Amino acid sequence: DKGNHRHFMEKEIYEQPEVISHALSHYVDFASNRVSPNASAIDFSAISGLAISACGTAYLAGLIGKYWFERYARLPVEIDVASEFRYREMPLSPTQAALFISQSGETADTLASLRYCKDSGLKIGAVVNVRESTIARESDAVFPIMAGPEIGVASTKAFTCQLAVLASLAIGAGRARGTVSAEQEKTLVRHLAEMPRIMSRVLNLIQPQMESLAREISKFTDVLYLGRGTSYPLAMEGALKLKEISYIHAEGYAAGELKHGPIALIDENMPVIVIAPHDRFFDKTISNMQEVAARGGRIIFITDEAGAAASTLPTMATITLPNVDEIISPMIFSLPIQLLAYHTAVFMGTDVDQPRNLAKSVTVE
Ligand code: M6R
């Protein structure tokens, strides 16, 4: 049932504040502002490293997770798309743990990577939406994302719930490994707790602007997304979302890679979406944005209040989100990206929930 929404995708975008709050209540204890024992089904203090494998959007969630596990838990993370992971013949050690991320829990390559790690004696964790799935059944520890059924082929609420779970696990791992203090844990959990409310506010705030921006974007055939830090996987997620439902060619790049190739593409026919919260990467990203502007590129600047105040570069549009802590910014910045893809597809008249050639669950290689 789509309720009063035109598509399941739209419904699922707007469900995010509610489902994230549900997911968080499983992994954090809001009374004490501590990570709950549900986040410690793997003993992160006892492992030498973490291997993560997944496909598509779940892989991009894993990539953001890598930044968190490395930063907060000082845990080395090896991550690859499952179709490569399973065949790379990488040396694995039973002192490592492995994490598989899958909405459906049935993705063939992800399952094959899981079995490969199991054979190598690694402890297996699964971040899944469908708890009865094969991937969940074959894992030692299951971390449900509790997003509820996701019907739209384009993953939205599963992505942000995966992120909420990974953030909680990384904070918990940091506590277990002694790299996150009790004080820091409280602050981080408090930020997570604020997230559902901020998400609701942002969804209402940006909706009209995203719709009119989508009308503009639908006139182009190519779009480039740029970001640094956790905004880099988000740039790739933005591009994936746009291409899969609107069929507009899109690419996500690390902003620092601009000079190493994609800058040759910049002209007035390829909008550049710059994802830049006012974080420690901001100034670097702005200098990349300057390079785009200098070549006549059209910029869509997705930033926060502090970022909007700090840049004077001309843009085609600036989307200003509230200032939020770094730990929740990937979830908050997912919202404009999802809405932009959604409304662009609606303008283009594509089959938003069932895009051509795609299946919700890819159970063959
Ligand atoms: O069910 P899974 O999470 O394992 O699916 C992985 C990908 O097939 C999936 O995320 C796909 O990339 C989505 N259509 C993206 O929106």
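Atoms within each ligand, like the ligands themselves, are counted from 1 in listed order. Note that this is a predicted model, so its numbers are computed, not measured.
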Legend entry - Residues Arg137 and Glu132 bridged, charged N to O under 4.0 Å: no
Inset, instruction - State whether a side-chain donor-acceptor pair under 3.5 Å links Thr57 with Lys241. - result: yes
Legend entry - Side-chain H-bond candidate by donor/acceptor type, Ser155 with Glu150, under 3.5 Å: yes
Inset, instruction - Would you check if there is a donor-acceptor pair between the side chains of Glu237 and Gln338 at a distance under 3.5 Å? - result: no
Legend entry - Members besides Phe347 in its Ile/Leu/Val/Met/Phe/Trp/Tyr cluster (side-chain heavy atoms under 4.5 Å): none
Legend entry - Set of residues that line ligand 1, where lining means a heavy atom lies under 4.0 Å from it: Cys55, Gly56, Thr57, Ala58, Ser102, Gln103, Ser104, Thr107, Val153, Ala154, Ser155, Lys241, Glu244
Inset, instruction - Anything under 30° is parallel, anything over 60° is perpendicular, the rest tilted; go ahead and classify Tyr116 against Phe85. - result: perpendicular
